[in-house]
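Just so you know, these numbers use all the heavy atoms, side chains as well, and skip hydrogens, waters and symmetry mates.
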Amino acid sequence: MSTETQSLALLNTAAFLLCVSFCAYVLSILVFHLKSGRSRGGSPDGFDWHIIVPCRNEASVIGDTVRRLLCDFPRATVWCVDDASDDDTLAELTAFTDQPRVHVVQRQLPDARQGKGAALNAAWRRIEQSLPANADRTRVIVGVLDADSRLDPQGPVALSGRQYFGSAEVGAVQVEVRMLQCAPRHRYAQPTEVSGWGRLLIRLQDMEFRAPIAAMQSLRRRTGSVAMGGNGQFTRLSLLNEIADQHGTPWHGALLEDFELGLHILLAGGRTEYCPESWVAQEALTRIRPLVRQRTRWAQGSMQCGRYLGKVLRSPRIRNSATLEIAHFLAAPWTQLLGTPIYVACLVVMSYYIENTMGGLRGWWSSGGWGVPPLVLVFGIGPFALWGIVYRIRCEPQLSVSKALLLGVCHWLYSYAQSLAVWLAFARMVTARTDWQKTARAGDPQPPPAPARAVGRVTVGQAAVGRAAVPAQPRRAQPGRRSGRSDGPRSIRPPRHLSHLSHLTTPTTDRPAIAHIRK
C-alpha cells in the first residue's frame with residue numbers, strides 16, 4: 001500500500017471516528033433528556049436566600065433587575081457588586097439605598113475588574129460577615145444572577161424540593177437558562193429595531209440552552225457531574241466556606257468560573273443538580289462578533305479548567321461515570337481544534353479528486369462521489385437539525401415541523417461560530433492572555449460623545465443630564481447620616497469673559513458615594 005493511500009485511509013478513519021463519536025454522544029444525551037421527569041417543589045421558608053448580582057457597566061439593566069427581584073422574592077437579600085463601573089451603574093444603585101434587603105459592594109481599581117469570580121468573592125465575604133456566628137450555613141443559599149436576568153418567581157419553591165436543597169446531599173443547583181430579546185430600558189438608550197438576522201440569533205441561542213445544553217445536563221444528572229452555569233446557579237454557603245478553607249476563596253481565576261466552582265464542589269464531596277422545573281432568562285446577543293467574543297471566553301475557560309483533570313481522575317469522591325463525562329467536556333475544545341484541520345483536509349482531498357477525475361465534477365459524482373452528501377446529511381447536519389424537533393417538542397410547540405427543522409439546520413451553521421471561538425481561545429492561551437472581556441449588550445445606551453474643549457483655564461463639556469454626571473470623590477458623610485447621600489454634582493461656572501457659555505456646566509467629580517453597605 002502506497003504512502004498516499006495510507007495517508008488517505010488514516011484521514012478518512014479519523015474523520016469517521018470523530019463523526020461517529022459526536023453522533024453517539026448526541027444520541028445518548030437525547031435519550032436521557034427525553035426520559036427526564038419533573039419533581040415537586042418544597043417550602044422555601046426554611047432557607048435564607050441571598051442573591052449576588054455582579055455589575056460592570058450595567059446601568060441599562062440593573063435597575064429593572066433589582067426591582068424585579070424585590071417584587072418577586074420578598075424574603076431574598078440582594079447583593080449588587082459594582083466592579084468599578086465607568087457608566088451610571090452606581091447612580092442607578094443609589095435609588096435602592098433605602099431598601100434594607102439591597103446591599104451594594106463597591107470594588108475600586110486596581111483591585112476591581114479582575115474577573116467575575118473576584119467580584120463574586122467580594123460579595124461572599126460580605127454575606128459571611130453579615131450573618132450571626134451561630135447561623136446555620138447549610139440553610140443559607142447563595143444564588144448568582146447576571147445583571148440582565150429575570151428569575152422564575154417560583155424558583156425558590158422549585159429549588160426547595162426534595163430532589164434539590166430539600167436533600168442534605170445536594171450542595172449546588174443550576175436552573176434552566178433561557179434567552180430573551182433585549183429591550184432598551186435605560187433613559188439614554190434609543191429604541192432599536194432588531195433585524196431578522198438578530199431575531200434568528202436570539203432563537204438559536206434560546207434553542208441551544210434549552211435543547212442541547214439542557215440535554216447535556218440531563219445526562220450529567222445520571223452521571224453525577226452536573227455543571228454550574230454563570231447565571232442561575234445556587235450553592236449552600238457552608239459548601240462555599242469549605243472550598244474557601246481549602247483554596248482561599250470559593251471562586252478562582254478561570255474564565256469559566258462557574259464550571260470551575262462545580263468541579264470544586266464535586267471534589268469536596270458535594271452533589272450538584274440541574275433543575276429544569278425553574279429557569280432564569282437573560283438577554284441574548286443579536287450580533288455575531290459579541291457572540292464569538294463570549295464563546296471565546298467560555299472556550300478559554302474550559303481549556304484553563306483542564307488543569308483539574310488529574311484531581312478529578314484521582315478523587316475517590318467522584319464516581320467513574322462522572323469522571324468520564326467531565327473528561328469528555330474538558331477534552332471538547334481540544335477535539336474541536338483537532339477536528340478542524342481534519343475536516344479541512346478532507347475537503348482539500350475531495351476537491352483534488354474532483355479536479356483530477358476524468359469528466360470533472362460529473363465524472364467524480366458518477367464514480368462514487370454521490371455518497372458524500374448523504375454522509376454529510378447524516379453525520380454533519382442531522383445531529384444539529386434533530387435539536388430543532390426536540391426544541392419544538394419540549395419548549396416551543398407553536399413552531400411548525402418545517403420551521404423547527406430549518407432552525408436545526410441554522411443551528412448547524414451557527415455551530416461554526418463556536419469552532420472559530422475555540423481557535424481564538426487557543427490563540428489567547430498561546431499568547432498568555434487571560435483578561436476577562438465583558439460582552440457588550442445590544443441595549444446598552446450609547447449617548448453622543450461630549451468632546452471637551454479647553455477655553456482658557458476652563459474645560460467646557462456637555463451639560464450633566466440626570467444621573468449621568470455624578471461625583472468622582474464622594475462627599476464625606478456627616479455624623480448621623482447614611483454614607484453615600486449626595487446632593488448632586490457641583491458645577492464650575494465659566495469666568496466672566498466666558499459668560500456666553502454660562503448655560504454649560506462641567507461636573508467637578510464623576511462618581512457618587514456608594515450606598516450604605518451592611519455587614
Donor-acceptor side-chain pairing of [X] and [Y] below 3.5 angstrom:
X: D82; Y: S85; answer: yes
X: Q205; Y: Y414; answer: no
X: S225; Y: E325; answer: yes
X: W423; Y: T340; answer: yes
X: S149; Y: N231; answer: yes

| query | Hey, would you say the Y308 and H264 ring centroids sit under 6.0 Å apart? | reply |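 Yes, the ring centres sit under 6.0 Å apart.
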
Polar side-chain atom of [X] near backbone of [Y] as donor-acceptor pair, under 3.5 Å:
X: W49; Y: P44; value: yes
X: R319; Y: T223; value: yes
X: R271; Y: G224; value: no
X: N57; Y: D86; value: yes
X: Q304; Y: L256; value: no
X: T357; Y: Y353; value: yes

| task | Please identify each residue that fulfils salt bridge (charged side-chain N to carboxylate O under 4.0 Å, His left out) with D206, with sequence neighbours left out. | result |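 Applying salt bridge (charged side-chain N to carboxylate O under 4.0 Å, His left out) to D206 gives R210.
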
| said: If you count every heavy atom of other residues, nucleotides or ligands that lies below 6.0 Å from E355 atom CD, does the total exceed 12? | reply: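 Counting other residues, nucleotides and ligands, CD of E355 stays at 12 neighbours or fewer.
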
Minimum side-chain heavy-atom gap [X]-[Y] below 4.5 Å:
X: N121; Y: P250; answer: yes
X: T272; Y: Q174; answer: no
X: Y274; Y: V173; answer: no
X: V170; Y: F234; answer: no
X: W79; Y: W124; answer: no
X: Y343; Y: L338; answer: no
X: V66; Y: V53; answer: no
X: I326; Y: L266; answer: yes

Donor-acceptor pairs under 3.5 angstrom involving side-chain atoms of residues 152-162: please list them, not counting sequence neighbours.
residue : atom : partner : partner atom : Å
D152    : OD1  : Q154    : N            : 3.1
D152    : OD2  : S278    : OG           : 3.3
S160    : OG   : P156    : O            : 2.6

How many angstroms lie between atom [atom1] of [X] and atom [atom2] of [Y], to the nearest 0.5 angstrom?
X: L239; Y: I243; atom1: CG; atom2: CD1; value: 4.5 Å
X: C305; Y: F259; atom1: SG; atom2: CZ; value: 6.0 Å
X: R236; Y: F47; atom1: CZ; atom2: CZ; value: 5.5 Å

| Under the salt bridge (Lys or Arg N to Asp or Glu O under 4.0 Å) criterion, do R67 and D72 qualify, and how do the steps go? | CA-CA 9 Å; R67 278 186 286 271; D72 294 341; over 6 Å; no

| Does a side-chain N-to-carboxylate-O contact under 4.0 Å join R56 and D87? |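 Salt bridge between R56 and D87, a charged N being under 4.0 Å from a carboxylate O: no.
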
| request: Measure from NZ or CZ of R220 to the centre of the six-membered ring of F329, then state whether that distance is under 6.0 Å and the direction lies within 45° of the axis. | output: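 That pair qualifies as a cation-pi contact.
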
| Exercise: identify the closest heavy-atom pair between M228 and D258 |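 Reported closest heavy-atom pair: CB-O, 3.3 Å.
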
| Can you list the residues that meet the side chain to side chain donor-acceptor pair (under 3.5 Å) rule with W197, with sequence neighbours excluded? |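 Partners of W197 under the side chain to side chain donor-acceptor pair (under 3.5 Å) test: none.
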
